Amino acid sequence: MYRNGDYDMKLSLRTKLTISYISITLISVFLISIITNLLLDKHFKEYVIKNQDHKNEEIASLVSQQFKPGEGWDIDSIEDICISALGQGMIIKVEDPSGDVIWDARLHDNSLCEQMLHHMEQNMSSRYPNWEGGYVENVYPVVSDKLGKVGTVIIGYYGPYYFSDSDLAFIYTMNRLLVGVGVFSLVLSLFLGWIMSKRLSTPISRAIATARMISKGYFNDRITEKSNTKETAQLTETINNLAEVLEKQEALRKQLTADVAHELRTPLATLQSHMEAMIDGIWKPDTERLKSCHEEIMRINRMIGDLEKLARYESENLILTKSNFDISELIRNIINNFEKDFLNKDVKIKFVGENTGLKADKDKISQVIVNLLSNAIKYTPQGGTVCVTVKDCDDTVEITVEDNGMGISPEDLPHIFERFYRADKSRNRLTGGAGIGLTITKAIVEAHKGKIQVQSKINEGTKFIVLLPKS
Ligand code: ADP
């Protein structure tokens with residue numbers, strides 16, 4: 001038994017799946033962002049440093065070219081170059097060999113230089129809050145082939161490296177893109193998680209509902225929803241099979257109760273009327289009448305015995321204890337046991353068949369042969385013949401039991417395998433059959449995945465054909 005409260009604390013499959021999807025997405029996006037930023041920092045830093053070195057060397061070389069031997073420094077050109085370099089964050093100072101200033105960016109516009117340095121510091125601390133950097137200088141001597149050292153170019157900048165506005169814009173765009181991808185993945189995972197969990201949980205919820213209905217005795221409920229998930233499809237199929245088996249068993253139980261009541265009513269009514277007649281003194285309780293009552297009691301007894309057998313077979317017929325044996329040998333042994341009955345009734349028995357191996361439940365197959373043979377004797381008059389054959393047909397074995405007895409009418413033929421069905425009730429009552437021998441026979445054959453067929457003509461004979469798979 002379960003109480004609803006026990007499950008209130010538990011998360012539904014849908015919630016769990018959605019949480020898992022979101023967690024996986026969040027973790028993945030978070031990891032991707034961290035790794036991207038780490039890699040970006042490393043490679044971008046290398047790129048920026050290389051770029052700065054390259055620019056420094058380029059400017060230094062450009063400034064050096066402004067010295068013409070014999071003419072000296074071209075101050076105007078130096079100024080052009082240096083002002084343009086200042087725009088890119090490079091504070092340039094050119095000195096002659098004695099240390100006197102030829103051109104100095106700070107002298108040109110110190111506040112612009114400070115502004116540049118401050119701006120770079122802001123850029124760097126906006127990206128790295130604990131950033132520690134400062135003004136650094138690179139010194140490049142200017143050497144003339146003829147005159148030797150003619151000056152020095154000192155390039156100052158914010159070091160050890162800095163990100164320009166466009167560098168920062170690139171990094172921010174990248175991060176915005178990552179956030180965008182993250183949000184999109186989150187929405188997507190929520191959506192997919194919802195769809196997936198709905199697909200999974202709907203058939204499971206349906207299976208639970210059906211199982212509950214089954215437990216309440218509603219065996220005709222079935223799950224019609226199809227699932228393309230292997231496990232849920234198997235679960236649905238299993239529950240449907242379970243419902244089917246239970247429904248069949250329930251029908252069988254009801255049928256059996258009705259049949260038993262019906263079958264017992266006739267002999268009991270006979271007994272009751274005979275007894276009442278004797279009690280009322282209408283009939284004398286002589287040996288003949290008591291014998292008739294005794295016969296009725298015997299019949300009821302036999303019927304109860306048969307019923308027990310039937311109940312056993314119907315509950316056990318799914319459990320087969322298979323072994324390998326020779327079917328012809330088994331039939332020959334059974335015929336030997338029946339020999340006396342055949343002799344007593346003056347019915348001939350023939351067997352035709354070669355040795356054939358079979359993997360089946362030996363006891364249950366014996367029961368099949370015994371039932372068919374005893375019917376053949378029962379329903380074949382004196383002087384008749386019963387012929388049993390065994391034929392090996394590749395994957396199956398064909399067993400036939402044929403007699404030239406009274407036969408079965410076409411109206412009865414479709415019903416003879418039904419429980420308690422007797423072709424001629426009054427006649428068979430004398431032979432003692434309760435009409436369940438063939439029911440058991442069919443149940444056993446079908447449990448072996450075999451088939452049983454019957455051909456019969458009234459007053460000519462009957463042929464039962466049993467087809468059994470060899471394994
Ligand atoms: P029973 O106990 O009455 O023999 P079965 O289930 O074995 O019950 O058979 C059902 C009915 O089928 C029998 O009552 C009989 O009328 C008919 N039947 C079975 N076998 C034969 C046969 N070999 N020849 C004629 N009738 C048969």
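Residues: numbered from 1 along the sequence shown. Indexing begins at 1, ligand by ligand and atom by atom, following the structure's order. Predicted model only: the values in this text are computed from it and were never measured.
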Select the closest option to atom 19 (C) of ligand 1 among L373, N375, D403, judged by heavy-atom distance. N375
Does G405 have a heavy atom less than 4.0 Å from any atom of ligand 1? no
Could E446 and K442 be called an ion pair, given the rule that one side-chain N must be under 4.0 Å from one carboxylate O? yes
Could you tell me which residues satisfy side-chain contact (heavy atoms from CB on, under 4.5 Å) with E418, sequence neighbours excluded, listed by chain and number? H415, Y421
Does the pair R299/E295 count as a salt bridge with the N-to-O cut at 4.0 Å? no
Taking only heavy atoms of I416, which atoms of ligand 1 are found under 4.0 Å from at least one of them? 10 (C), 12 (O)
Just jot down the ligand 1 atoms closer than 4.0 angstrom to any heavy atom of K378, in number order. 1 (P), 2 (O), 4 (O)
Atoms of ligand 1 under 4.0 Å from any heavy atom of L438, numbered from 1 in the order shown, are 5 (P), 6 (O), 7 (O), 9 (O), 10 (C), 12 (O), 19 (C)
Aromatic ring centroids of F163 and F170 under 6.0 Å? no
Could you tell me if the side chain of T400 sits less than 4.5 Å from the side chain of K391, heavy atoms only? no
Under 4.0 Å to a heavy atom of I408 - the qualifying atoms of ligand 1, by number: 18 (N), 25 (C), 26 (N), 27 (C)
Summary of salt bridge (charged side-chain N to carboxylate O under 4.0 Å, His left out) pairs that have at least one residue in residues 327-352, sequence neighbours excluded: none
4.0 Å heavy-atom contact, F417 with ligand 1: no
